[in-house]
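Report on the structure given below.
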Amino acid sequence: MKQWYENAIIYQVYPRSFQDSDNDGLGDLQGLLDRLDYIKSLGVNTIWLNPVFTSPQVDNGYDVSNYFTVDPHFGTMATMDALIQRAHELDLHILLDFVLNHTSDQHPWFQDALKSPKSLFHDYYIWQDTPNGQVPNNWGSFFGGSVWEQVPAEPNTYYFHLFDKHMPDLNWANPEVRQAMIEVAKYWVEKGIDGLRLDAFIHIAKADLGQNFPTDQTGPVIAEPMYANLPNVVTYLQEFIDELRKINPDLFILGEGASADPALAALYTRTNRGSALCDAIVSFRNLPKQAVPAPKLTAAVKLPLAEQLDTAALPASIVQWQTALAQTTQPTLYFSNHDLPRMATVYADRKFESRSLKTLATMQYLQRGIPIIYYGEELGLHNAELARATAFQDQMTTTLIDQVPEAERPAVLQYLSGLHKTPARQAMPWDDSVHQGFSEHEPWLRTQPAPITVAAAEADPDSILNFYRKLFQLKQQPLFATGKFRLLLVKTAGLIVYQRQLGQKSALVLTNLTSETVTYQNDDWLNADITFTVGQVTLDENSWHLAPWSTLVLQQDQVAWPAE
């Protein structure tokens, strides 16, 4: 039976940055509710909402202190109920970002566990006692330093935190933890949400805590084989999802498998024991990238490398993802999210900015798969430029900038603003009023005004916003929503050509991802109907000529599909 999410087009809302309704500088649920008509107008049908649970906000809501309440910064449960109801009236589905690997250290479970090893909640978390106060192993946290934090009152006892030290990991090996998290998720499913985005689920199983990770490096080391994608992840995930689908068989489960390759994505979306695991996987390895050299500094400071799209490796990457998931699910098709710099910052060609963004979007979103659009992507927003080290809200970045000579800091701040996640979380620019219509109060993230607003884009028929609306109309056609996919081999570098087919309908999508004119010849498509174009495309005898960053979409009744 066909599920609603097979045709999903997802719009990701970072709530603190979308719309502020009470003028405190922080976006909220009422602001989102007020903007649902705009989201609907884009042609999307699903909203992914970053966490709104009660939280100390050490990690912008991913440190949950109460799963059963809405954080007062974002509103009330009544507003959440109204949001779900109104979204459903507009035929929009709501995905709630669900944090299941860890809690806040302010969560009552952890607070009680700290009091005594005999606490009922002590085994909800991961602890190690060591002689002489030595760190249990050399595993490193994703947020820097060790995964182990010393308990203040007990210097020989440590608790495990894969992320910030204020975010202790839950012990999913404990059946009581698994049941508790099922009950939390059930609460929200019964409220009427349509799906969950499972944050960092690939880390819920850990290896032997006494095993150091082999390395020549001194100090903590990122040791993903010890705490990512271990076999018990599937065991725990199956139990969790099976229980939720007893309540809502149509629940959409979107798993964040940041380091998952195509084979792992297939593993996490396969049918197991008669029941599906995740319905789709978000992986940070979905697009091939190549490093861009960092600027050289007079001081011995090593800057992180920026990245750009590796167009030479793109065809093989597309085929690998499409092939690996063909028998389980659909790929997720996206460029950026709250953990990554913005699409326009990383992938746009500055000389052909608007056309390059439109062509990249066509290339990506008309493939077989589920598009995920980060708020503001439809405007072509870039990362904002942050003027202060502390604005990044990242201790590792602050420490790095502090090591840079004063004279070179402005250039370094500009460089880091182009590759960090925080500058991609700026306030949504709605119009030319105070603070661009986001709030009457200065936004929580201070930035310069964005060069484009929704109001200006609405008035421009050639805007990226209006282009996205046309593209999503095309994506909603059955041919592009559920049709077969095959990439065609071409010898021209940077030219991506693929075919979609459903029944007797067939489409050919050509996208030129270069700053040069390219030529493509295919006699089978000379008399096809032109459905969609970006830039200048001409037909000369039997060849198509695509200007830099141009797009051509052709449709006709079935042409020969290569033998299966």
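Just so you know, residue 1 is the first one in the sequence shown, and it goes up from there. Only heavy atoms go into these numbers, but all of them, side chains included; no hydrogens, no water, no symmetry mates.
- A side-chain donor from one of Y62 and H338 sits under 3.5 Å from a side-chain acceptor of the other.
- In this structure, a donor-acceptor pair under 3.5 Å is absent between the side chains of D279 and Q3.
- Under 3.5 Å, the side chains of D71 and S55 contain no donor-acceptor pair of N or O atoms.
- Here H441 pairs with S439 under the side chain to side chain contact (heavy atoms under 4.5 Å, CB included) rule; sequence neighbours left out.
- Remark: T215 pairs with no residue by the side chain to side chain donor-acceptor pair (under 3.5 Å) rule, at least two apart or across chains.
- Ring pair H122/W127 is parallel by interplanar angle, where below 30° counts as parallel and above 60° as perpendicular.
- Taking the six-membered ring for Trp and the full ring otherwise, the centers of F160 and Y125 sit at least 6.0 Å from each other.
- Side-chain atoms of R285 and S283 form no donor-acceptor pair, as typed in the model, at a separation below 3.5 Å.
- Residues T54 and T69 have side chains that bring a donor and an acceptor to within less than 3.5 angstrom of each other.
- The residues R86 and D37 are annotated as salt-bridged, a charged nitrogen and a carboxylate oxygen being separated by less than 4.0 angstrom.
- Aromatic ring centres of W188 and F53 lie closer together than 6.0 Å.
- Residue pairs satisfying the salt bridge (charged side-chain N to carboxylate O under 4.0 Å, His left out) criterion with at least one member in residues 184-196, sequence neighbours excluded, are listed as follows: D81-K191, E183-K186, K186-E243.
- For Y268, the ring-ring contact (aromatic ring centres under 6.0 Å, His included) criterion is met by F201, not counting sequence neighbours.
- Under the side chain to side chain donor-acceptor pair (under 3.5 Å) criterion, R342 pairs with Q426, sequence neighbours left out.
- Annotation: cation-pi geometry satisfied between R35 and W430 (NZ/CZ under 6.0 angstrom from ring centroid, within 45° of ring axis).
- Aromatic ring centres of F252 and H93 lie farther apart than the 6.0 Å criterion allows.
- Remark: D123 engages no residue in a side chain to side chain donor-acceptor pair (under 3.5 Å) (not counting sequence neighbours).
- Annotation: Y374 is not in aromatic contact with Y334 [ring centroid separation under 6.0 Å not met].
- At least one donor-acceptor pair under 3.5 Å links the side chain of R409 to the backbone N or O of D402.
- More than 12 non-hydrogen atoms from other residues, nucleotides or ligands lie less than 6.0 angstrom from CD of E89.
- Annotation: F142 is in aromatic contact with H203 [ring centroid separation under 6.0 Å].
- For D97 and N50, the side-chain atoms include at least one donor-acceptor pair closer than 3.5 Å.
- In this model, no donor atom of one side chain and acceptor atom of the other lie less than 3.5 Å apart for N383 and S417.
- Between the side chain of T79 and the backbone N or O of G75 there is no donor-acceptor pair closer than 3.5 Å.
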Derivation and outcome, side-chain contact (heavy atoms from CB on, under 4.5 Å), residues D105 and L114: CA-CA 9 Å; D105 62 357; L114 279 175; over 6 Å; no
side-chain hydrogen bond (donor to acceptor under 3.5 Å, both in side chains) for E239 and T235? Distances and angles first, verdict last. CA-CA 7 Å; E239 178 186 13; T235 303; over 6 Å; no
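- Between the side chain of T332 and the backbone N or O of I281 there is at least one donor-acceptor pair closer than 3.5 Å.
- Looking at D63, its side chain does come within 3.5 Å of a backbone N or O of Q57 through a donor-acceptor pair.
- Taking 4.5 Å as the limit, every side-chain heavy atom of D22 sits out of range of all side-chain heavy atoms of Q30.
- In terms of modelled atom types and a separation under 3.5 Å, the side chain of N171 and the main chain of I126 share no donor-acceptor contact.
- For the residue pair Y415 / E385, no side-chain donor-acceptor distance below 3.5 Å is found, with atom types taken as modelled.
- No side-chain donor-acceptor contact under 3.5 Å links T157 and Q128.
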Test M77 against F68 for side-chain contact (heavy atoms from CB on, under 4.5 Å), laying out the working first. CA-CA 9 Å; M77 191 62 77; F68 295 100; over 6 Å; no
Step by step, would you call Y375 with Y11 a ring-ring contact (aromatic ring centres under 6.0 Å, His included)? CA-CA 7 Å; Y375 82 100; Y11 187 78; 7.5 Å; no
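- A donor-acceptor pair under 3.5 Å is formed between the side chain of T130 and the backbone N or O of Q134.
- T269 contributes no side-chain N or O that, together with a main-chain N or O of T329, makes up a donor-acceptor pair within less than 3.5 Å.
- For the residue pair D169/N101, the side-chain donor-acceptor check at 3.5 Å is satisfied.
- Stacking of R16 on the aromatic ring of W444 is recorded, both the 6.0 Å distance cut-off and the 45° axial limit being met.
- The closest donor-acceptor contact from the side chain of H435 to the backbone of G437 lies at 3.5 Å or more, if one exists at all.
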Output, in order, the C-alpha distance, side-chain angles, deciding distance and verdict of side-chain hydrogen bond (donor to acceptor under 3.5 Å, both in side chains) for N137 and W148. CA-CA 8 Å; N137 60 39; W148 297 102; 2.9 Å; yes
For R178 and F240, run side-chain contact (heavy atoms from CB on, under 4.5 Å): C-alpha distance rounded to whole Å, both residues' side-chain angles, the deciding distance at 0.1 Å, then the answer. CA-CA 7 Å; R178 302 201 296 273; F240 179 81; over 6 Å; no
Determine, stepwise, if the pair E378 / L42 fulfils side-chain contact (heavy atoms from CB on, under 4.5 Å). CA-CA 9 Å; E378 74 276 16; L42 298 176; 4.1 Å; yes
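- Taking a 6.0 Å sphere around NE2 of H420, one finds it holds more than 12 heavy atoms contributed by other residues, nucleotides or ligands.
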